[in-house]
Enquirer: 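Shown below is the structure under consideration.
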Amino acid sequence: MPKKFLVIEDIDKPLLGSVVARALEMKRTKQRSDLLAGRNIALVFEKHSTRTRVSFEIAVRQLGGGVVYMTQHDSQLGRDEPVEDTIRVLSRYVDGVVMRTFEHSKLERMWKLSSIPIINALSDDYHPCQVMGDIMTMVEYGPKLADAKIAWIGDGNNVAHSWIEAASCFPFELALACPEGYDPKPEIVRQAMNQGARITLTRDPAEALARANYVYTDVWASMGQEDQAQDRMAVFRPYQVDAAAMALAAPGAKFMHCLPAHQGEEVTTEVFESEASIVWDEAENRLHIQKAILEWVYGDLDYSKYCLA
Ligand code: CP
Ligand code: NVA
């Protein structure tokens, strides 16, 4: 059975910290290898991307493999060829698919018919590679994950869902402040809390920000929600991360954002460009964590020597 990484928990929980530790090593050693020599990966993107597309392409190349990039605009996906048919064809050409799409269920439907690994490069519900890279960034900055609190301020969206899922796999505390009507999906929260995640939900950003070591936000309208952008602007205004919000967090708190950012909306330029902002490290770490994820998919590494301190 080929591996999949559609959600964070597709990697066994005890191994997740090891994959992060391995990514840190790969970053430190500027790892190059021939792990993917002779293998090709299809990057199938139905939404825009800068970081994910480029970092995956470079990750595959640094591991010795090749890529083919396709979108719905230049393939039969855009002319209603079903994903079920697409994956059965791709399974005969390439050795894996990295896919960015809308409905998360599309990835699951593809997986059922796939004979090659599939990695989620973002869906409407999850962005697991992003959050794994962000956890790597938190490990670099400290404090220890068990002592870290993250405040999520804004939309209960795909990135928030992956944070919620991550909170059931890693020992950090997660507080989400979302406006009414924009909460994360209750079943995702419930499932994480049932597995011991330390999560609180509030409408009040100040409550979430108290003691937070990391302040995280994302755009108010995600890809695919462009038609709601105007309405959302008014609802989310009190959730803007500005200097006053950062001042409510723990001393030395860092600002995080998956990018792309809309300065002046979810974050002020002052905060985005401040010393506290670690957004470029987050972006860089996408490359390293994805190399570690590809290695988990295609390699046979002994993870016993990799663990987070
Ligand atoms: N953070 C992120 O996934 O960025 P892209 O949309 O540019 O890939
Ligand atoms: N929530 C954003 C994340 C972009 C990386 C979106 O889905 O558009």
Side-chain angles (χ1 to χ4, degrees), residues 5-8 23 41-60 67 69-72 97-107 119-138 150 152-166 176-179 181-185 188 214-229 232-233 235-236 239-241 255-263 265-267 272 277-291 293-294:
F5 186 64
L6 305 188
V7 293
I8 289 173
I41 309 294
L43 306 178
V44 185
F45 278 59
E46 295 192 305
K47 290 178 177 175
H48 291 280
S49 172
T50 295
R51 279 143 290 270
T52 310
R53 185 242 165 122
V54 177
S55 58
F56 258 115
E57 180 157 347
I58 301 304
V60 170
V67 294
Y69 176 71
M70 53 189 269
T71 74
Q72 72 277 36
V97 166
V98 172
M99 173 120 177
R100 171 167 286 196
T101 190
F102 292 85
E103 304 88 355
H104 187 76
S105 58
K106 237 190 217 185
L107 291 168
I119 295 175
N120 179 4
L122 179 149
S123 65
D124 285 348
D125 284 347
Y126 295 100
H127 197 0
C129 296
Q130 177 70 48
V131 169
M132 285 291 283
D134 291 338
I135 290 169
M136 174 182 173
T137 310
M138 285 169 62
I150 301 147
W152 175 275
I153 310 295
D155 192 14
N157 64 14
N158 44 6
V159 181
H161 289 154
S162 284
W163 274 111
I164 291 165
E165 196 203 352
L176 301 106
C178 309
Y182 298 92
D183 287 323
K185 290 188 173 175
I188 294 176
Y214 294 94
V215 180
Y216 204 120
T217 191
D218 188 9
V219 289
W220 291 339
S222 285
M223 289 180 278
Q225 299 172 334
E226 289 79 4
D227 57 333
Q228 305 169 25
R232 284 170 169 257
M233 202 78 82
V235 176
F236 280 97
Y239 292 78
Q240 183 184 62
V241 176
F255 171 75
M256 298 180 88
H257 193 307
C258 53
L259 305 179
H262 292 165
Q263 293 177 46
E265 293 182 17
E266 74 273 7
V267 58
F272 187 80
S277 175
I278 57 172
V279 298
W280 313 122
D281 295 313
E282 292 179 77
E284 177 184 344
N285 285 340
R286 296 292 306 281
L287 169 65
H288 308 296
I289 199 72
Q290 286 157 199
K291 278 163 76 176
I293 291 167
L294 287 165

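Values below: all heavy atoms of this structure, side chains included; hydrogens, waters and symmetry mates excluded. Both counts, for ligands and for their atoms, begin at 1 and track the order of listing.
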Enquirer: Just to confirm my output: which protein heavy-atom neighbour is closest to atom 4 (O) of ligand 1, and how far is it?
Expert: Arg51 NE, 2.8 Å

Enquirer: Considering only heavy atoms, which of Ala261, Cys258, Cys129 lies nearest to atom 1 (N) of ligand 1?
Expert: Cys258

Enquirer: Nearest protein heavy atom to atom 6 (O) of ligand 1, by residue and atom, and its distance?
Expert: Arg100 NH1, 2.8 Å

Enquirer: Relative to the heavy atoms of Gln130, which atoms of ligand 1 are at a distance of less than 4.0 Å?
Expert: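 In order of numbering, the contacting atoms are 1 (N), 2 (C), 3 (O).
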
Enquirer: Does ligand 1 have a heavy atom under 4.0 Å from the side chain of Lys47, from its backbone, from both, or from neither?
Expert: neither

Enquirer: Please check whether Lys47 reaches ligand 2 - meaning an N/O of the residue sits under 3.5 Å from an N/O of the ligand, judged on distance alone.
Expert: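 In this structure, Lys47 places no N or O atom under 3.5 Å from an N or O of ligand 2.
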
Enquirer: For atom 7 (O) of ligand 2, which protein heavy atom lies nearest, and how many Å away is it?
Expert: Asn158 ND2, 2.8 Å

Enquirer: Under a 4.0 angstrom heavy-atom cut-off, which atoms of ligand 1 come close to His127?
Expert: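 It comes down to these atoms of ligand 1: 2 (C), 3 (O).
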
Enquirer: When you look for heavy atoms under 4.0 Å from ligand 2, do you find them on the side chain of Asp124, its backbone, both, or neither?
Expert: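 Looking at Asp124 and ligand 2, no heavy atom falls under 4.0 Å.
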
Enquirer: Does a donor on one side chain sit under 3.5 Å from an acceptor on the other, for Asp134 and Tyr216?
Expert: yes

Enquirer: Which residue owns the protein heavy atom closest to atom 4 (C) of ligand 2, what's the atom, and how far is it?
Expert: Leu122 CD1, 3.9 Å

Enquirer: Would you mind running through ligand 1 and noting each atom that sits below 4.0 Å from a heavy atom of Arg286?
Expert: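 Numbered from 1, ligand 1 contributes 1 (N), 2 (C), 3 (O).
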
Enquirer: Pick one: which of Val131, Asn120, Val159, Asn157 meets side chain to side chain contact (heavy atoms under 4.5 Å, CB included) with Tyr126?
Expert: Asn120

Enquirer: What protein heavy atom sits nearest atom 3 (C) of ligand 2, and how far off is it?
Expert: Asp218 OD2, 3.6 Å

Enquirer: For ligand 1, is any non-hydrogen atom under 4.0 Å from Leu259's backbone (N, CA, C, O), its side chain (CB onward), both, or neither?
Expert: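 The answer is the backbone.
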
Enquirer: Do me a favour and list the nearest non-hydrogen protein atom to atom 7 (O) of ligand 1 with residue, atom name and distance?
Expert: Thr50 N, 2.7 Å

Enquirer: Tyr182 ring centre to Arg232 NZ or CZ under 6.0 Å, with the angle to the axis within 45°?
Expert: no

Enquirer: Can you confirm whether the side chains of Glu266 and Thr217 place a donor and an acceptor under 3.5 Å from each other?
Expert: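 There is no such pair between these side chains.
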
Enquirer: Are any of the side-chain nitrogens in Arg286 or Glu282 under 4.0 Å away from the carboxylate oxygens of its partner?
Expert: no

Enquirer: Using distance alone, decide if ligand 2 has a nitrogen or oxygen within less than 3.5 Å of any nitrogen or oxygen in Arg100.
Expert: no

Enquirer: Got a donor-acceptor contact below 3.5 angstrom from the His161 side chain to the Lys185 backbone?
Expert: yes

Enquirer: Before accepting this row, confirm whether a basic side-chain N of the pair Lys106/Asp124 lies closer than 4.0 Å to the acidic partner's carboxylate O.
Expert: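 No, Lys106 and Asp124 are not salt-bridged.
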
Enquirer: Can you check whether Trp280 and Phe272 have ring centres sitting under 6.0 Å from each other?
Expert: yes

Enquirer: For Ser49, is at least one N or O under 3.5 Å away from an N or O on ligand 1?
Expert: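 By distance alone, the answer is yes.
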
Enquirer: For Gln72 and Glu46, indicate whether the former's side chain and the latter's backbone hold a donor-acceptor pair under 3.5 Å.
Expert: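 Yes, because the side chain of Gln72 sits within donor-acceptor range (under 3.5 Å) of the backbone of Glu46.
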
Enquirer: My understanding is that we take every heavy atom of each candidate and find the minimum distance to atom 6 (C) of ligand 2. Doing that for Ala121, Ser222, Ala160, which one comes out nearest?
Expert: Ser222

Enquirer: Backbone or side chain, does any N or O of Met223 fall under 3.5 Å from an N or O of ligand 2?
Expert: yes

Enquirer: For Glu103, which residues count as a side chain to side chain donor-acceptor pair (under 3.5 Å) partner, sequence neighbours excluded?
Expert: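 Glu103 satisfies side chain to side chain donor-acceptor pair (under 3.5 Å) with no residue once adjacent residues are dropped.
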
Enquirer: Report yes or no: does Asn158 contribute a side-chain atom to a donor-acceptor pair with the main-chain N or O of Ser123 at less than 3.5 Å?
Expert: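 A pair under 3.5 Å: yes.
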
Enquirer: Which of the atoms of ligand 2 are close to Leu259, meaning less than 4.0 Å from one of its heavy atoms?
Expert: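 In order of numbering, the contacting atoms are 5 (C).
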
Enquirer: I need the Leu122 CG to Met223 CE distance, nearest 0.5 Å.
Expert: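 Between atom CG of Leu122 and atom CE of Met223 there are 5.0 Å.
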
